There are 2 protein chains.
Amino acid sequence: MALKNAFYAQSGGVSAVINASACGLLQTARQHSEAIGKVYAGRNGIIGALTEDLIETSLESEASIAALKHTPGAAFGSCRYKLTSIHEQRAQYERLIEVFHAHDIGFFFYNGGGDSQDTAYKVSQMGAGLAYPIVCVGIPKTVDNDLPLTDCSPGFGSVAKYLATSIREAAFDLASMSRTSTKVFALEVMGRHAGWMTAACALAGEKEGDAPHILLLPEVAFNEARFLAKVEEALEQYSHCVIAASEGVKGPDGEFLSASGLKDAFGHTQLGGIVPLITNLISAKLGCKCHWAVADYLQRSARHIASATDVEQAYAVGRAAVEFAIAGRSAVMPAIRRLSDAPYRWDIIEVPLSEIANQEKLLPPNFIGADGFGITEAARRYLAPLIVGEAYPPFKDGLPDYVKLQNAPAPKKLTQEFAV
Amino acid sequence: MALKNAFYAQSGGVSAVINASACGLLQTARQHSEAIGKVYAGRNGIIGALTEDLIETSLESEASIAALKHTPGAAFGSCRYKLTSIHEQRAQYERLIEVFHAHDIGFFFYNGGGDSQDTAYKVSQMGAGLAYPIVCVGIPKTVDNDLPLTDCSPGFGSVAKYLATSIREAAFDLASMSRTSTKVFALEVMGRHAGWMTAACALAGEKEGDAPHILLLPEVAFNEARFLAKVEEALEQYSHCVIAASEGVKGPDGEFLSASGLKDAFGHTQLGGIVPLITNLISAKLGCKCHWAVADYLQRSARHIASATDVEQAYAVGRAAVEFAIAGRSAVMPAIRRLSDAPYRWDIIEVPLSEIANQEKLLPPNFIGADGFGITEAARRYLAPLIVGEAYPPFKDGLPDYVKLQNAPAPKKLTQEFAV
């Protein structure tokens with residue numbers, strides 16, 4: 001019997017280490033040529049499957065595949081495209097089968113967050129529902145760290161390291177200037193619902209008084225009076241105040257603060273930006289000069305300051321996905337299991353996709369400090385090991401030397417186009 | 001005759017490597033104990049001198065002084081405080097002399113940008129004007145890179161490396177997402193008058209089509225129609241568009257675009273932010289999803305991705321300042337002279353403070369591309385060597401291990417307070 005081929009795709013917002021998972025998967029698949037045929041990658045996630053836009057990964061050199069381990073972004077392109085139920089989107093699922101059948105695909109690997117695990121789960125169900133046998137393995141990835149059943153999500157540790165480093169560095173800057181100039185610095189952090197990334201900023205501080213002095217978590221409703229009092233307290237005690245604020249901070253009404261009506265000079269409603277808002281508030285009410293930064297994509301693509309632990313875990317889940325698939329395990333995801341905090345020891349276990357899909361792991365209450373503006377020791381114990389170790393990319397001419405793959409298309413076998 | 005002591009202070013906006021200059025100065029002064037007595041640092045720049053708030057650097061260990069070479073911010077505190085003329089601020093100058101006299105200070109080292117070199121020059125003039133002999137040496141520092149008579153300003157190369165790295169990384173992210181989601185990413189860069197930092201972003205691209213696709217320089221008036229046409233062109237050609245925009249971009253009327261009237265939900269005028277403005281414009285006019293980042297302090301404190309060339313130059317000007325002072329040279333500044341582009345060779349020369357003070361070196365016209373949205377090969381030849389080499393700080397528990405000095409105050413010798 002001829003070997004079945006595999007389909008691999010990257011989905012959702014990308015990270016500094018999703019390509020490390022791709023590297024683990026592709027290298028492991030190449031080592032198991034007795035069990036897996038070609039690995040096709042979907043160009044731009046599942047869309048590549050729907051449009052039969054498959055990438056011949058077999059044409060990429062060993063060196064290029066190895067370089068994925070130190071390259072940020074999604075090497076094959078990602079997408080924001082959610083498959084709903086087979087019932088609602090039967091045409092999509094039928095098209096997937098048509099494409100998979102045409103290319104003799106028996107293994108489906110989907111690398112992403114909660115929505116993507118949901119897609120992977122649905123594709124696995126499709127096997128039964130549409131009588132197309134396919135082994136489906138999800139591969140965890142999300143900077144949000146909100147996937148359940150895994151100690152952490154690959155991608156998170158590197159953002160955490162970037163953010164804690166940035167907060168520590170900016171705090172040195174602010175402390176230098178605070179005598180005569182800026183007294184408040186606020187950094188806006190990604191994460192609209194879960195406060196993991198904002199919580200990680202707290203790792204920048206080692207002792208009482210160290211920055212950050214205030215966290216604004218999406219799990220805690222914003223209270224203007226309490227916030228301003230906390231800023232004043234920090235200014236009195238330390239002469240400066242460093243704030244890490246989640247983009248997802250909500251007011252007492254449950255609405256995003258950042259959506260509360262900025263208008264620009266063109267008369268348009270301003271998109272996002274919680275830190276301009278809160279620093280403006282501080283300037284107006286407390287009369288001190290503020291600076292703010294919004295890291296946005298910089299935080300989740302900062303491969304130059306990736307966590308070695310995170311890179312290792314991202315690679316490991318990519319490798320394990322292939323091993324699970326070869327063992328015939330379907331509708332599963334490799335997850336990280338913590339064995340101890342210090343030293344941090346972990347291994348990879350198998351969890352069912354049915355228990356992952358569409359769940360969102362928020363910061364647990366025992367990780368949030370009593371006043372809501374910081375984290376607890378339990379949170380620190382959890383977070384600390386995830387940022388450990390440096391995994392610098394190679395540099396050329398002073399800049400990180402990242403790889404761009406050829407991404408040659410596999411010849412199409414179907415005549416029909418499919419619009420997405 | 002007893003040895004004269006020295007006064008050293010850090011001034012203006014700080015950088016990732018101003019402490020490397022402090023390290024060069026303090027280590028060199030310690031090696032020349034036959035010529036220089038104690039080195040006092042001013043707490044928060046010249047304010048430390050005016051208020052007689054001097055720091056005993058002799059109490060800091062060799063290890064702490066060495067660690068300054070890899071620590072961002074201003075270890076002794078900085079300030080934004082400009083001395084005007086002796087004529088206008090005679091009380092200030094008389095106070096300086098009183099403090100210097102009380103602590104037997106015969107050497108004045110001032111580490112900063114154009115304003116600071118102006119202060120250093122005035123202090124040197126004071127020697128003549130108020131009959132107090134003092135050797136004054138300026139030490140260059142500014143991320144703006146706008147000091148004349150020096151090939152570059154220490155601090156700039158590291159920001160340039162941070163920005164070009166960040167643009168390259170964010171471009172990998174954007175390219176991954178552009179099929180179904182975000183198509184434009186804009187990074188806001190410091191520099192209200194000179195476009196050096198924004199120009200450095202162009203180093204991220206190696207060939208036609210690489211990000212960044214558009215630079216908005218403060219030297220080029222913003223033209224909405226031409227800008228939007230350029231964005232459209234990039235979107236057509238590359239399916240995504242990366243923009244680096246100076247915070248100092250001005251409209252045809254010469255006013256800062258970022259000051260053009262953002263109002264927040266509290267009804268306050270919004271501070272700064274050129275990239276929210278231009279991405280909002282793009283969304284409204286071209287209908288595509290945009291992301292934006294404002295690096296702010298992150299860029300100038302990012303010691304973790306400092307340029308080794310910059311660190312070496314910052315150290316060298318600190319060392320040279322002491323050597324000049326010992327040689328009795330006053331009213332001078334060590335400057336960097338470029339001997340060749342590739343390989344980059346440079347040495348340190350002496351330039352007169354009188355020719356430095358209050359000048360601002362903007363991007364020369366031959367460094368700006370024909371359409372105003374990019375840089376020329378001449379600019380690239382100039383910029384490229386300044387970001388070369390990595391100079392990672394040590395890491396502890398996953399984060400850069402920066403030093404905080406004891407900064408013990410020297411006993412006061414004057415009874416009178418001085419308000420600043």
Side-chain angles (χ1 to χ4, degrees), chain A residues 14 44 47 72-74 77-81 161 164-166 168-170 172-177 179-181 185 260-266 268 270-271 273 276-277 280-281 284 291-298 300-305 307 384 387-390 395 397-400 402, chain B residues 14 44 47 72-74 77-81 161 164-166 168-170 172-177 179-181 185 260-266 268 270-271 273 276-277 280-281 284 291-298 300-305 307 384 387-390 395 397-400 402:
Chain A
V14 298
N44 302 308
I47 287 179
S78 185
C79 70
R80 294 206 181 275
Y81 186 87
K161 187 183 184 89
T165 297
S166 298
R168 177 173 286 185
E169 292 180 330
F172 270 78
D173 193 311
L174 181 68
S176 306
M177 304 305 296
R179 172 69 174 79
T180 54
S181 182
F185 173 77
S260 52
L262 276 175
K263 294 271 185 191
D264 70 17
F266 303 105
H268 309 130
Q270 180 71 29
L271 301 166
L277 202 73
N280 243 29
L281 177 68
H291 264 248
W292 54 267
V294 177
D296 194 63
Y297 281 176
L298 270 48
R300 71 179 199 193
S301 59
R303 181 60 186 80
H304 74 273
I305 184 79
S307 153
I387 66 168
V388 169
E390 291 67 59
F395 276 68
D397 299 336
L399 292 174
Y402 298 136
Chain B
V14 298
N44 300 309
I47 287 179
S78 185
C79 69
R80 294 204 182 275
Y81 186 88
K161 187 183 186 88
T165 297
S166 298
R168 178 172 287 185
E169 292 180 330
F172 270 77
D173 194 310
L174 181 68
S176 306
M177 305 305 296
R179 173 68 174 79
T180 53
S181 183
F185 173 78
S260 52
L262 278 175
K263 295 271 185 192
D264 70 17
F266 303 105
H268 308 133
Q270 179 71 28
L271 300 166
L277 202 73
N280 242 30
L281 176 68
H291 264 248
W292 53 267
V294 177
D296 194 63
Y297 281 176
L298 270 48
R300 71 180 198 192
S301 59
R303 181 60 185 82
H304 73 272
I305 184 78
S307 153
I387 66 169
V388 169
E390 292 66 58
F395 276 67
D397 299 335
L399 293 173
Y402 298 136

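Side-chain atoms are counted along with the backbone in the values below, which use heavy atoms only and exclude waters and symmetry mates. The chains referred to below are lettered A, B, ... by the order of the sequence lines, with proteins before strands, and numbering in each begins at 1. Computed from a prediction, not measured in an experiment: that's the story for all the values here.
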**Student:** Return the minimal non-hydrogen interatomic distance between A:L298 and B:A293, and the atom names on each side.
**Tutor:**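 The pair with the smallest heavy-atom distance is CD1-CB, 4.2 Å.
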**Student:** How close do B:L399 and A:I387 get, counting heavy atoms only, and between which atoms?
**Tutor:**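 So the two residues come closest at CG-CD1, 3.7 Å.
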**Student:** If you take all heavy atoms of A:I47 and B:R179, which pair is closest and at what distance?
**Tutor:**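 In terms of heavy atoms, the two residues are closest at CG2-NH2, 3.7 Å.
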**Student:** So which of A:A74, A:G73, A:S301 has the largest heavy-atom pair count under 4.5 angstrom toward chain B?
**Tutor:**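 Most heavy-atom pairs under 4.5 Å with chain B: A:S301.
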**Student:** Examine whether an atom of B:F185 lies under 4.5 Å from a heavy atom of chain A, and if so say whether it belongs to the side chain, the backbone or both; otherwise answer neither.
**Tutor:**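 Answer is side chain: those atoms of B:F185 sit under 4.5 Å from chain A.
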**Student:** Rounded at 0.5 Å granularity, tell me how far NE2 in A:H304 sits from CD1 in B:I305.
**Tutor:**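 CD1 of B:I305 is found 4.5 Å from NE2 of A:H304.
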**Student:** Looking only at heavy atoms, which two atoms of A:P72 and B:E169 are closest? And how far apart?
**Tutor:**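 Minimum heavy-atom contact is CG-CG, 4.3 Å.
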**Student:** Between B:W292 and A:W292, how do the two ring planes meet: parallel, tilted or perpendicular, split at 30° and 60°?
**Tutor:**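 The arrangement is perpendicular - the two ring planes meet at more than 60°.
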**Student:** Give, for atom CG of B:L174 and atom CG of A:D296, the distance between the pair rounded to the nearest 0.5 Å.
**Tutor:**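 Here the interatomic distance stands at 10.0 Å.
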**Student:** Taking all heavy atoms of B:G398 and all of A:K161, pick out the closest pair and write down the distance.
**Tutor:**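 So the two residues come closest at O-NZ, 2.9 Å.
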**Student:** Name the orientation class of the two ring planes belonging to B:Y297 and A:H291 (parallel below 30°, tilted from 30 to 60°, perpendicular beyond 60°).
**Tutor:**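 Parallel, since the angle between the ring planes stays under 30°.
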**Student:** Can you tell which part of B:D173 gets under 4.5 Å to a heavy atom of chain A, answering side chain, backbone, both or neither?
**Tutor:**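 Contact with chain A involves both backbone and side-chain atoms of B:D173.
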**Student:** B:T180 vs A:N44, test: side chain to side chain contact (heavy atoms under 4.5 Å, CB included). Steps then yes/no.
**Tutor:** CA-CA 8 Å; B:T180 53; A:N44 302 308; 5.8 Å; no
**Student:** Side chain, backbone, both or neither: which part of B:S307 has a non-hydrogen atom closer than 4.5 Å to chain A?
**Tutor:**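 When you check distances to chain A, no heavy atom of B:S307 falls under 4.5 Å.
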**Student:** Does any backbone or side-chain atom of A:R168 lie under 4.5 Å from a heavy atom of chain B? Answer side chain, backbone, both or neither.
**Tutor:**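 For A:R168, side-chain heavy atoms alone lie under 4.5 Å from chain B.
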